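The structure under discussion appears below in the form of structure tokens.
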Amino acid sequence: MEQKRYGHFDDQHREYVITDPQTPWPWINYLGNEDFFSLISNTAGGYSFYKDAKFRRITRYRYNNVPMDNGGRYFYIKDGDTVWNPGWKPCKTPLDFYECRHGMSYTRITGRKNGIEASVLFFVPLKKWAEVQKLTLTNQSKEVKQLKLFSFEEWCLWNAATDMENFQRNFSTGEVEIEGSTIYHKTEYRERRNHYAFYHVNAPIQGFDTDRETFVGLYNAFADPQAVMEGKPRNSHAHGWSPIASHYIEVTLQPGESKDFVFLLGYIENEQDEKFEAPQVINKKKAHALIAELDTTEKVDKAFAALCEYWDALLNIYKVKTGNDKLDRMVNIWNQYQCMVTFNFSRSASFFESGVGRGMGFRDSNQDLVGFVHQIPPRARQRIIDIASTQFPDGGCYHQYQPLTKRGNNDIGGGFNDDPCWLIFGTVAYIKETGDFSILDEMVPFDNQPGTEVTLFEHLKISMDHVIKNLGPHMLPLIGRADWNDCLNLNCFSWDPNESFQTTENVSEGTKAESLMIAGLFVVTGKDYVALCKKIGKADEAARMQQAVDAMIEAVKKDGWDGEWYLRAYDFYGRKIGSNECDEAKIFIESQGWCTMAEIGAEDGMVAKSLDSCKKYLECEHGMVLNNPAFSKYIYEYGEISSYPEGYKENAGIFCHNNPWVIIGETLAGRGNDAWNHYAKILPSYVEEKYQTLHKVEPYVNCQMVAGKDAFRPGEGKNSWLTGTAAWMWYTVSEFILGIKPDYDGIRIDPCLPETATDYTVNRKFREAEYEITIHPNGSQKGVKSITLDGKPIDGTVIPYSAGKHTVEVTM
Ligand code: BGC
């Protein structure tokens, strides 16, 4: 099937350029890096929030709406009888030219119609709680143009969940203030909120609207708001109902003339005793100050330059030059960018995650760290402390916490028995990157309760112990509510569609449900833990845990092997899951990934057999599926996994997240060709080239799931952006394929490449050092023959750390 193209990469500017607004699905970007965030689609849809997409939503957005992607920051331009938007939507007036450039934390959307160009640059300046929208209007025609410009934002009443359901209250609480060219949103400020938002423009306005129905008209839509269609603002003042913010500006442009308007969507917090400047009037001092920092083109351009420099610096930490553009652009730009985004949002807010259902995941956020720790280590450090603070004294933990409060989320609770191990995974990655062992001595509470603090190291110890204390009849880890696969619910037993698979555990007393995925994870992280203990002089603890790791390896070899691959689990009754004896789902990817990463039974050929089975049963054109064959019916004993139609999500979808586990297994086994083939299949730049229409979702980032070979439309992607795939793809390519591995005492060099690989160079900043590492593969898939550091040969494969600039040559 011929595939239509909707855009292309612009590597020089680190942008993806969308040239047709009617993409197969909204293709979005993220703005903001620390506190104030926005999601923005290629037609300017999306929303903003402060820290927490559930509790502090600033603008309103409608998920699951018709048309899709409804609501955003819209500019309406009325030029005679023609009304259009630079991003095509919502009016959908055909444009003479359209382009959306998604870049690193910014998006630029340009539209042209009847001789007018409107170009909007959207970004959140560093350290500012505001989204800038710099609109440049240019008259490219030969006539004088009189334009009517309307801006538009719709306020969310802060809590995104109640905003969508509690209309009996919401329709009476909305309040705004208008001052000059600024519209303030202050719903609930009169009572318990100490924050408000504003929407400002740095030009005099000739009118405004703040009441949605007055502006749009009860029987109209965003595509034809009455005020815009008639070219007449109503100067409405919202009292309840749905407050909005719309500026009206009359613009005259001479031929060739260009004018900038800086729109600013800001968020302010005030101290309790400084909330009001007069009864019922909000104190606007901080808003005025923020506006003053960004009220001219020059100031905005400077803030934008600073943002670009920030990304220059971040993307200079790891840079590869292989000569393969498709690989280089993912490694140097998009994969690292996506890692920052997943670090910031975990799985909370995307066009598939509504921002109200999930906060920061315990396992998710730990995994996200391996993709991010090299970028801004101090933020990674704080994240580890925050995550560990949601642990319980027995080593178990909350599955999720809310970013605003940093408190564990009671709706989800705990009991996911893989969770604790991930804390080791994240912490070890942090220490290897930074050499900062002091984090282990940080005092960290349990469940955020002051007075319960123990060292972070103690948290790691109880994490390992949590696995050891929860073993089943085969001495394999009990699965609990679920392991990494949230949908393998072996103690759930639900016939009630109103029960959540994730949080319901109807029977667990007497369970024999064990997980081979946790077994592998325990061995991998256990080895890391042992090495860490040795490194910090805790020999006894190292020996104790080594024994537990050895015992787990034996248990897997004895009761976790099916002959050609590792079993997946034992169910409640102790029956095999993921075995040749099963009717369906005979093999699962998770245990192949983790047990090959743990190299369990490598000496007996188990690893090689497992990897071969992945190729034989799981691999297809678009990647490796999660299980094979797919479940064709709901299985009460297994839970959610069997609830999905064949080929989707956890039922035999290509869950991109766990493809890298097998790929790492391949690299450890030295099978560079196989590793590369698996990797390229889910590498966005390769998918972009071949499958833009079929794949549907953004071609510049990984998505969580691509429909598998049993699906109706294999290759169709879903759940883009917020997925552990980002961090795992990064970890895989940077450390295991290209082979640059941070270690306690330096950088370990251990590439695993396809035999067609040619010489390549990695520039790696590491602590206070900067290495230029050139690898000469010489047709070899694995095995470093010799290394020189600054011209002198070194022993072994670890470049010993020392500050300063170094050149490294590696011969394979
Ligand atoms: C969740 C992960 C989980 C995965 C597999 C994702 O949606 O964020 O925590 O491991 O699904 O079920």
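Indexing begins at 1, ligand by ligand and atom by atom, following the structure's order. All residue numbers refer to positions in the sequence shown, counting from 1. These figures come from a predicted structure and were not determined experimentally.
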Tell me whether the rings of Y61 and Y47 are parallel (<30°), tilted (30 to 60°) or perpendicular (>60°).
tilted

Looking at ligand 1, does any of its N/O atoms fall within less than 3.5 Å of an N/O of E650?
yes

Contact between ligand 1 and K649 is defined here as a heavy atom of the residue under 4.0 Å from a ligand atom; is it met?
no

At under 4.0 Å between heavy atoms, is it the side chain or the backbone of D486 that contacts ligand 1, or both, or neither?
both

Just to be sure I read this right, does ligand 1 sit under 4.0 Å from the backbone of H657, its side chain, both, or neither, counting only heavy atoms?
neither

Got an N/O contact under 3.5 Å between W484 and ligand 1?
yes

Do I462 and F446 come close enough that some side-chain heavy atom pair is under 4.5 Å?
yes

Numbered atoms of ligand 1 (with element) below 4.0 Å of N485, judged on heavy atoms:
12 (O)

Pull out every atom of ligand 1 sitting under 4.0 Å from any heavy atom of Q704, numbered as shown with elements.
6 (C), 7 (O), 11 (O)

Could you list the residues that satisfy side chain to side chain donor-acceptor pair (under 3.5 Å) with W484, not counting sequence neighbours?
H657

Salt bridge check: are D571 and R575 linked by an N-O gap of less than 4.0 Å?
yes

Should F352 and W25 count as side-chain neighbours, where that means a heavy-atom distance under 4.5 Å?
yes

